[in-house]
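Working notes, beginning with the structure itself.
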Amino acid sequence: MSAPGPETAVPVRVRVAPSPTGDPHVGTAYQALVNLAFARSRGGVFVLRIEDTDRARSSRESEAAILDALRWLGLDWDEGPYRQSERLELYRSEVDRLLADGSAYRCFCTRERLDEMRRENRAQQRFPGYDRRCRDLPVAESERRAAAGEPHTIRLAMPTEGECVMRDLLRGEIRREWELIDDQVILKADGYPTYHLACVVDDHAMGISHVIRGEEWINSLPKHLRLFEALGYEPPVFCHLPLLRNNDANRSKLSKRRNPTSITWFRDAGFLPGALLNFLGLMVSSRAEGEEKFSLDQLVDGFRLEDISLGGPVFDLDKLRWLNARYLREDYDADGLADLVRDWSMGQERLAAIAALAQPRLETLGDWGRLTSFLFVDAPTVDREKLAVKGLEETQIAETFQFMLWTLEREQEFTADVVQGHFRHLSEVLGLSLRDLTRPFYVAMSGEAASLPLFQSMEILGPDLVRARIRHAIEALGGISGKRMKKLQKRFEALAG
């Protein structure tokens, strides 16, 4: 079993398929750009699909943010957005086909039984996947238990011998032993499909010719190819893009702990959409020895997937700032730049909100800059000494920042009153006065120990800039180790629970 090569002569149809479970990620923009450039270069179609089958985490607010971010960047789609939550009948009918021919089976194992199985597997150093206990249940018994209403999932029956031979456009042939691949759940107990089933069914139904996605999905490719085969579908060409990397010694995977990753952060911090697209285009362009400033149309001209280097592209924020500066200097005259600044930060509603905070503290109009400048920068300078709170160690302050960061990452409604409520709750559970809790946050937000009212300032800054500033303050204190972070996560879940 293998995926077809690039020579497949079919009309080009590609897709980007984000999950609406958080901030619109710059990695989504990176993948969308490659898909759009390939489609445009081949006269093809670029499809937007919202993969919202995670009922616990998906939200329409997150979806709206993703659509707004892609529009801001100019990554316009030709079809969509399609939503998987609106296509459940299609997935269910395909699952019924898989059950009927034995390619899938019902699994009645409880969560407790599965947890115990995993613990035993780890202790015995065995394959960590499902032990296929329900795979050999007689069909009559399986149907009887399901008809009686016993909760169950549907699993895909994977081959247990031989190899899966796959082909990736950038890597060539890849092989995986079937016995090391789990019998994946494809339909959850609530009737919603998992990612694996829904993306395969949709890629076929939407006529997707090339699946261009991140390399983290290579390990899922055997499951997807098995689904294509079991359902009688022709698989598309697969191209797994190298992941964006942090600009550190280890070239670690891009993460919000080291770099801003939300597209809306770049917008709110004053980066231009053309510059950000150009920067992402440098990750996949073969123009390395030529002019580094180019438009989307110039990227599309002669674009070839085969030319993408497998070397992990480095997300160098300093390089982006340099490129953005070129756009500001070279593409605008003084009047145009004035209009740009006005549109970015001086809308009447925003200015009125800032004026309401500053007015009680103004003696002259000249005080405006000193009082409000922190609201017009991507990040203030944070002095480690200013973050100090009497009676608290630096590690405790960093941990307090992290608790609030996790709290705000879960929050969809970002208003001053909501933020204040989170601070009051955290002060109670940590046994800190509200004054001591908020003191380092003033510094994190403004760079100063005293500034405009904290909660209202955070509302004006917005969630992306606020969270980025908290992360910056944590780094100013020396950061938190991975080991310590795991312990903090457990403590936070207990406090939040």
Side-chain angles (χ1 to χ4, degrees), residues 11-36 38-39 44-98 104 153-154 156 184-214 216-217 220 223-224 227-228 231 233 235-236 238 261-264 409-413 463:
V12 168
R13 287 178 58 86
V14 296
R15 47 77 167 177
V16 67
S19 298
T21 55
D23 300 329
H25 198 279
V26 72
T28 298
Y30 164 63
Q31 293 180 26
L33 175 62
V34 176
N35 277 275
L36 183 145
F38 180 65
V45 176
F46 175 46
V47 177
L48 174 61
R49 187 170 75 216
I50 303 297
E51 301 196 334
D52 59 347
T53 57
D54 186 338
R55 299 175 71 186
R57 298 174 60 224
S58 295
S59 73
R60 281 302 175 92
E61 292 83 3
S62 179
E63 177 187 323
I66 290 170
L67 300 184
D68 287 345
L70 294 178
R71 290 190 186 102
W72 175 72
L73 283 168
L75 294 172
D76 300 319
W77 50 93
D78 302 308
E79 288 185 17
Y82 298 105
R83 297 180 183 86
Q84 290 185 331
S85 60
E86 298 171 355
R87 301 164 63 82
L88 299 182
E89 290 185 9
L90 173 62
Y91 310 133
R92 181 72 238 194
S93 66
E94 296 299 74
V95 167
D96 289 341
R97 287 208 294 131
L98 294 171
T153 60
I154 308 295
L156 181 66
Q184 185 70 44
V185 172
I186 56 174
L187 195 74
K188 293 174 281 190
D190 62 4
Y192 271 64
T194 62
Y195 166 84
H196 303 286
L197 175 74
C199 83
V200 167
V201 172
D202 281 342
D203 285 343
H204 171 73
M206 296 175 184
I208 300 302
S209 63
H210 296 70
V211 170
I212 307 168
R213 58 189 177 187
E216 70 269 27
W217 293 109
S220 296
K223 302 168 187 177
H224 297 175
L227 276 166
F228 276 104
L231 290 166
Y233 300 161
F238 289 94
T261 58
S262 169
I263 299 171
T264 50
E409 284 176 342
R410 295 180 172 188
E411 183 57 67
Q412 295 291 336
E413 185 180 357

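Model, not experiment: these values are computed from the prediction.
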Taking the side chain as everything from C-beta on, heavy atoms only, tell me whether [X] gets closer than 4.5 Å to [Y].
| X | Y | result |
| --- | --- | --- |
| Pro20 | Ser59 | no |
| Val16 | Leu48 | yes |
| Pro193 | Leu88 | yes |
| Ser85 | Thr53 | no |

[atom2] on [Y] to [atom1] on [X], rounded to 0.5 Å:
| X | Y | atom1 | atom2 | result |
| --- | --- | --- | --- | --- |
| Glu63 | Arg83 | CD | CZ | 4.0 Å |
| Ser19 | His25 | OG | NE2 | 12.5 Å |
| Leu231 | Leu98 | CG | CG | 4.5 Å |
| Arg15 | Asp78 | CZ | CG | 15.5 Å |
| Asp203 | Tyr233 | CG | OH | 10.0 Å |
| Arg213 | Phe238 | CZ | CZ | 5.5 Å |

I'd like to check the side-chain hydrogen bond (donor to acceptor under 3.5 Å, both in side chains) partners of [X]; sequence neighbours left out, ordered by chain and number.
| X | result |
| --- | --- |
| Thr21 | none |
| Asp76 | none |
| Glu216 | none |

Could you pull out all residues at least two apart from [X] that satisfy salt bridge (Lys or Arg N to Asp or Glu O under 4.0 Å)?
| X | value |
| --- | --- |
| Arg71 | Asp68 |
| Arg57 | Asp54 |
| Glu89 | none |

Test of understanding: with ring pair (Phe, Tyr, Trp, His ring centres under 6.0 Å), list the residues that count as partners of Tyr192, not counting sequence neighbours.
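For Tyr192 there are no ring pair (Phe, Tyr, Trp, His ring centres under 6.0 Å) partners, ignoring immediate neighbours.
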With [X], which residues qualify under side chain to side chain contact (heavy atoms under 4.5 Å, CB included), at least two apart?
| X | answer |
| --- | --- |
| Ser262 | Asp23, Pro24, Thr264, Trp265, Asp464 |
| Glu79 | Arg13, Val45, Val47, Tyr82 |
| Ala29 | Leu73, Leu75, Ile263, Leu280 |
| Gln184 | His196, Lys223 |

Applying salt bridge (charged side-chain N to carboxylate O under 4.0 Å, His left out) as the test, list every pair that has at least one member in residues 193-202; sequence neighbours left out.
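Non-adjacent pairs meeting salt bridge (charged side-chain N to carboxylate O under 4.0 Å, His left out): Arg49-Asp202, Arg87-Asp202.
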Ignoring hydrogens and geometry, is there a side-chain-to-backbone donor-acceptor pair from [X] to [Y] under 3.5 Å?
| X | Y | result |
| --- | --- | --- |
| Asn35 | Val14 | no |
| Thr153 | Ala189 | no |
| His210 | Ile212 | no |

Considering all heavy atoms, the nearest Leu197-Val95 contact:
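Minimum heavy-atom separation between Leu197 and Val95: CD2-CG2, 3.4 Å.
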Do the rings of Tyr195 and His224 sit parallel, tilted or perpendicular, given the 30° and 60° boundaries?
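Geometry flag for His224 against Tyr195: tilted rings.
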